[in-house]
Structure formats: C-alpha cells, structure tokens
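Predicted model, so just to flag it, every value in this text is computed and none were measured. Order of the sequence lines fixes the chain letters, A, B, ..., with proteins taken first and strands second; residue numbering starts at 1 for each chain.
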Amino acid sequence: MKYWLMKSEPDVYSITDLKKNSTTWWEGVRNYQARNFMTKDMSPGDLVLFYHSNAEPSGVAGIAKVSKSAEPDQTQFDKKSEYFEAKASVDKPRWYCVQIEYVGTFKKTVSLADLKQQKDLKDLPVLQKGSRLSVQPVTKTHFEIIKTLGGL
DNA sequence: GCCAACGTTGGC
DNA sequence: GCCAACGTTGGC
C-alpha cells in the first residue's frame, strides 16, 4: 500500500464536496508527472492526504483513499470543458485519472504553518520550495504523523 | 495582486 | 536538442 498527497483548490473541489459525493474521479490533472503517478503507481486502497491549496489556511484537510485505478479522463474529450485536449482522442487518450473515496475530515486543517513546525516533516515534498506537483508520493511515516496531527 | 519556481511549447 | 518565451501554480 502506498501513500499520496493530492492538491485541490477548495473553491473548486473541497474535502466537504468529497464527503457529500462519497467518491469522485480526479479529473483535470494536466501534468505528466502527476499523471504517471496515477497510472503507474496508484492502486485501489492507497491512502491520500487531501490537501487544500490557495485556501485559508492552505494545508491538509482530511483523508481519502484510491477506490478505482486510472481510466481515461473524460473531460479531455469534452469541447466545452476547460480541460479539453485537442490532441487527445478516445482511441488515444492523453490524460488519465483515478477515482478516490472519502475517508475522513480532520477536526482542524493541518495548515502549512503546522506542517513546517514539525521537524520530522522537513522532507515532505509539499514543503519544498517551488513544489507545484498536484499529486505527490508521501512516506508512510509522514502520512501517519499528519493523520495524527489532524486528529484521525 | 505579486512574483518565484516550474512546466510546456515551438522556432531554429 | 537547445532554449527563450510564455503560461500556470500557489504561497504570501
């Protein structure tokens, strides 16, 4: 089993939305490295730190898990979607996404400031300068520390 | 709103 | 295959 951190802007899709919907396809990822993590390395059952970016405060808001392995992201075929990809076709999809399922919401978001205070988390990818990747692997140790900080 | 960091594109 | 220009991300 692996552990991940996935970013979302809560104005677009928050942990509360995921709780409401129970599951969601993680559509809209348009970065090759993030895509490759989803297609090659993620498996159902993997656990996910749900990270709110561009938020007040930004930080880890809860836990989800991978419920279905990667399939073609349908939004790339939709001309009306902001995620439309002209170079993709149903025969040759370019973008993929996994389905994730709600697990739990932290009592209080573990903010970036909280994360930075933890010496044991100094190597956490999301804390590194210029870290923009929206799907990142995290170690089991880091996952457990953050889960505990979040009260789960 | 600013801007540093990073990814992608496209001319050559 | 290089690299300048451009677009995006995301903290502050």
Side-chain angles (χ1 to χ4, degrees), chain A residues 2-21 24-42 46-66 70-100 102-139 141-143 145-152:
Chain A
K2 299 196 187 70
Y3 300 87
W4 305 94
L5 179 146
M6 296 170 88
K7 295 181 186 172
S8 181
E9 299 193 25
D11 291 349
V12 179
Y13 199 88
S14 71
I15 188 89
T16 310
D17 296 317
L18 181 61
K19 182 177 187 177
K20 220 176 299 171
N21 300 337
T24 191
W25 288 95
W26 203 251
E27 295 171 327
V29 171
R30 294 295 180 267
N31 171 285
Y32 290 103
Q33 213 182 334
R35 180 200 67 182
N36 292 344
F37 281 134
M38 289 197 287
T39 55
K40 296 187 198 314
D41 299 321
M42 272 191 189
D46 286 0
L47 289 170
V48 175
L49 296 168
F50 196 108
Y51 181 91
H52 283 170
S53 59
N54 277 321
E56 200 48 58
S58 291
V60 181
I63 308 274
K65 70 176 179 191
V66 177
E71 293 187 12
D73 180 341
Q74 294 303 310
T75 62
Q76 72 192 302
F77 309 127
D78 178 3
K79 279 198 171 122
K80 290 186 221 116
S81 168
E82 61 173 310
Y83 300 123
F84 177 69
E85 171 59 68
K87 290 172 183 162
S89 65
V90 178
D91 288 345
K92 279 197 170 179
R94 175 170 297 203
W95 303 112
Y96 288 78
C97 54
V98 296
Q99 188 195 63
I100 64 168
Y102 178 78
V103 173
T105 306
F106 287 165
K107 295 189 181 82
K108 181 165 163 287
T109 292
V110 178
S111 70
L112 266 183
D114 297 336
L115 294 170
K116 284 176 185 165
Q117 279 182 2
Q118 302 293 320
K119 286 204 177 66
D120 292 343
L121 295 177
K122 68 174 167 37
D123 296 326
L124 188 72
V126 81
L127 295 182
Q128 309 313 309
K129 196 175 180 184
S131 159
R132 292 171 27 174
L133 196 57
S134 64
V135 176
Q136 309 182 347
V138 300
T139 65
T141 308
H142 288 164
F143 180 89
I145 292 170
I146 294 166
K147 184 179 170 188
T148 303
L149 288 173
L152 290 181

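If you walk DNA chain C from 5' to 3' and mark each nucleotide with an atom closer than 4.0 Å to a heavy atom of chain A, the marks span C/dG7 to C/dC12.
Not one N or O on the side chain of A/H52 forms a donor-acceptor pair closer than 3.5 Å with the backbone of A/S111. The backbone N or O of A/Q33 sits nowhere less than 3.5 Å from a side-chain atom of A/N36 that would complete a donor-acceptor pair. Of the possible polar contacts, one joining the A/Q136 side chain to the A/V126 backbone as a donor-acceptor pair under 3.5 Å is found.
In this structure, the ring of A/W4 has its center no less than 6.0 angstrom from the ring center of A/F50.
For DNA chain C, none of the residues of residues 24-42 of chain A falls under the heavy-atom distance limit of 4.0 Å. For the segment residues 111-131 of chain A, the set of residues with a heavy atom within less than 4.0 Å of an atom of DNA chain C comprises A/L112, A/K116, in numerical order.
How far OH of A/Y96 is from CE of A/M42: 16.0 Å, rounded to the nearest 0.5 Å. Between the CG atom of A/L49 and the NZ atom of A/K147 there is a distance of 10.0 Å, given to the nearest 0.5 Å.
When each of A/R30, A/E85, A/E82 is checked for a side-chain hydrogen bond (donor to acceptor under 3.5 Å, both in side chains) with A/T75, only A/R30 meets the rule.
In summary, the side chains of A/D91 and A/S89 do not present any donor paired with an acceptor at a separation below 3.5 Å, with no hydrogens or angles considered.
Using a 30° and 60° split on the angle between ring planes, A/W26 and A/Y13 fall in the perpendicular class, above 60°.
The shortest heavy-atom contact between A/F106 and A/I63 is CE2-CG1, 3.7 Å.
Between A/K87 and A/R132, the residue anchored nearer the 5' end of DNA chain B, judged by the nucleotide with its closest heavy atom, is A/R132.
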